[in-house]
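The block underneath contains the structure these notes are about, expressed in structure tokens.
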There are 2 protein chains.
Amino acid sequence: MAQLAPAPSPRGVPEATVARLPLYLRALTSLSDRGVATVSSDELAETAGVNSAKLRKDLSYLGSYGTRGVGYEVEFLRHQITREIGLTQDWAVVIIGIGNLGHALANYGGFASRGFRIAALVDADERRSGEEVAGLKVRHSDELEDVIETLNISIAVVATPAHAAQAVCDRVVAAGITSILNFAPAVVQVPEGVELRKVDLSTELQILAYHEQRKNGAALALTAEQAVELAKAVRG
Amino acid sequence: MAQLAPAPSPRGVPEATVARLPLYLRALTSLSDRGVATVSSDELAETAGVNSAKLRKDLSYLGSYGTRGVGYEVEFLRHQITREIGLTQDWAVVIIGIGNLGHALANYGGFASRGFRIAALVDADERRSGEEVAGLKVRHSDELEDVIETLNISIAVVATPAHAAQAVCDRVVAAGITSILNFAPAVVQVPEGVELRKVDLSTELQILAYHEQRKNGAALALTAEQAVELAKAVRG
DNA sequence: AGTTGTGAAGTACTTCACAGCA
DNA sequence: TGCTGTGAAGTACTTCACAACT
């Protein structure tokens with residue numbers, strides 16, 4: 001079978017835009033809850049926390065869903081974005097690694113309301129097998145491949161310790177999974193065609209620390225060149 | 001006092017580079033643990049999961065820490081990056097909202113080993129006050145400002161429900177915090193000069209769903225134009 | 001009159017490819 | 001010889017500013 005487009009985004013929606021669609025969806029849901037029927041790009045951008053030129057450009061990749069001189073119909077636009085992201089169907093998710101974080105993810109209410117169904121929980125520790133978490137029995141990781149196939153899982157959430165992450169990813173990929181969300185603080189390699197996203201808590205804190213240091217230590221963190229500039233400035 | 005540079009990054013390290021420094025640091029730590037003393041940009045890039053041109057360019061913003069023809073000295077480079085990020089000091093963190101996620105974050109071992117010290121836990125629910133989590137007593141959110149000042153907190157981690165997030169951020173900013181990591185699924189506005197990063201679990205899943213849909217539904221997701229192209233191609 | 005949708009300009013990031021140095 | 005450090009070229013994203021439309 002010939003491929004029509006180079007794998008992702010047939011209509012060529014930029015990756016940066018895709019990453020913002022969930023944000024717009026949330027803003028629209030919030031407006032909808034407040035009973036707002038129509039919204040301008042300025043107002044919607046404000047609600048979503050982006051600038052309006054960017055918002056309009058982003059939406060233009062999906063189609064012409066607004067009305068000039070008026071704005072966007074909230075429900076209509078919400079439906080279009082929902083469809084674009086693929087949330088008109090629901091996606092079965094397996095969480096692998098039921099430690100503190102896995103527990104928290106299993107109990108996180110935000111998934112179900114957004115088109116994701118946590119279909120299975122898996123852990124390598126036999127003592128956890130059978131334990132009930134968030135209304136689901138934890139299964140032993142021997143059953144991982146079986147669970148993925150039987151329950152028609154599309155997305156794997158990896159919440160294992162770092163040392164186990166690569167092996168787990170290898171197994172779910174071999175079982176046919178092509179979308180992985182990795183919480184383990186480890187570099188994981190996956191083959192071409194498998195989408196891997198990572199959420200790394202300490203990385204985020206480190207980025208904050210970097211900026212915090214720049215703010216506090218401005219005077220201490222002068223480079224040699226800046227010191228020279230400063231000296232010149234002081235001399236007049 | 002005159003500002004020497006436009007607030008962040010005196011030496012002008014690009015934001016994209018800053019976001020990768022933690023990755024390099026982790027790769028170097030792993031090499032160091034394995035007893036590797038020297039590493040080439042190719043090897044380090046492989047370990048960190050990026051390409052080597054990008055790695056060399058990134059490192060070049062920090063200085064010339066390698067040796068041509070040889071590579072980088074692992075311990076030395078690790079120290080330089082640690083210093084650049086600001087992890088030679090440790091940073092006091094408060095976690096606000098001790099639900100499932102807050103619990104998981106409090107118990108997450110990865111922070112301490114990377115220069116972050118969880119100094120306080122705060123929750124709005126009075127029934128939680130005094131409860132011990134991860135060796136710390138949960139304090140009531142009335143004490144938030146006091147905790148921040150007394151314990152010299154630099155970074156606030158917000159793990160509250162969405163509806164409380166903005167108010168909490170307003171309060172910590174008023175108390176002098178300039179770095180916030182937000183896990184609440186809400187758009188939060190902060191003043192200029194406050195660094196806000198967000199981690200949004202369902203957004204990540206939605207991005208995966210988007211790509212998953214493109215893969216599976218290739219044939220179903222044809223646009224009108226593509227259908228015409230396909231028809232032409234089939235006709236010959 | 002008012003707001004979208006979008007070419008064009010501007011900015012940021014990535015990759016190439018090789019000069020420069022150990 | 002081999003590998004770093006970096007200008008230059010290429011790509012992706014953002015912002016501007018206004019024509020097109022209701």
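Keep in mind that the numbers below use all heavy atoms, side chains included, and drop hydrogens, waters and symmetry copies. So that the names make sense, note that chain A is the first sequence line, chain B the second, and so on, each numbered from 1.
Side-chain polar atoms of B:Thr178 and A:Glu212 form a donor-acceptor pair below 3.5 angstrom. Defined by atom type and a distance below 3.5 Å, a donor-acceptor pair is missing between the side-chain atoms of B:Thr88 and B:Arg83. One side chain, B:Tyr24 or B:Asp58, offers a donor N or O that lies under 3.5 Å from an acceptor on the other.
Computed from coordinates, the A:Glu43 CD to C:dT3 P distance equals 8 Å when rounded to whole Å. To the nearest angstrom, P of D:dC16 lies 13 Å from CG of A:Asp42. Rounded to a whole Å, the NZ atom of B:Lys57 is 12 Å from the P atom of C:dT15. We find that CG of B:Asp58 is positioned 13 Å from C1' of D:dT6, with the value rounded to whole Å. Atom-to-atom, NZ of A:Lys54 to C1' of D:dA12 comes out at 13 Å; the value is rounded to the nearest Å. Regarding A:Leu55, its CG atom lies at a distance of 16 Å from the C1' atom of D:dC16, rounded to whole Å. Spacing between atom OH of A:Tyr24 and atom C1' of C:dT4 amounts to 15 Å, rounded to whole angstrom units. Here the P atom of nucleotide C:dG7 and the OH atom of A:Tyr61 are 10 Å apart, to the nearest Å.
Between A:Arg20 and A:Glu15, no side-chain nitrogen of the basic residue sits less than 4.0 Å from a carboxylate oxygen of the acidic one, so the salt-bridge criterion is not met.
One finds a side-chain N or O of B:Ser41 lying less than 4.0 angstrom from the OP1 or OP2 phosphate oxygen of D:dT4.
Listed in residue order, the members of residues 68-82 of chain B having a heavy atom less than 4.0 Å from DNA chain C are B:Arg68.
Among the protein residues, A:Asn51 comes within range of the sugar-phosphate backbone only, with heavy atoms under 4.0 Å from sugar or phosphate atoms but none that close to a base.
Residues A:Ile207 and B:Ala19 come closest through the heavy atom pair CD1-CA, 3.7 Å. For A:Gln206 against B:Ile85, the heavy-atom pair with the smallest separation is O-CG2, 3.3 Å.
Of the candidate nucleotides D:dC13, C:dC13, D:dT22, C:dC13 has the atom lying nearest to any side-chain atom of B:Ala16.
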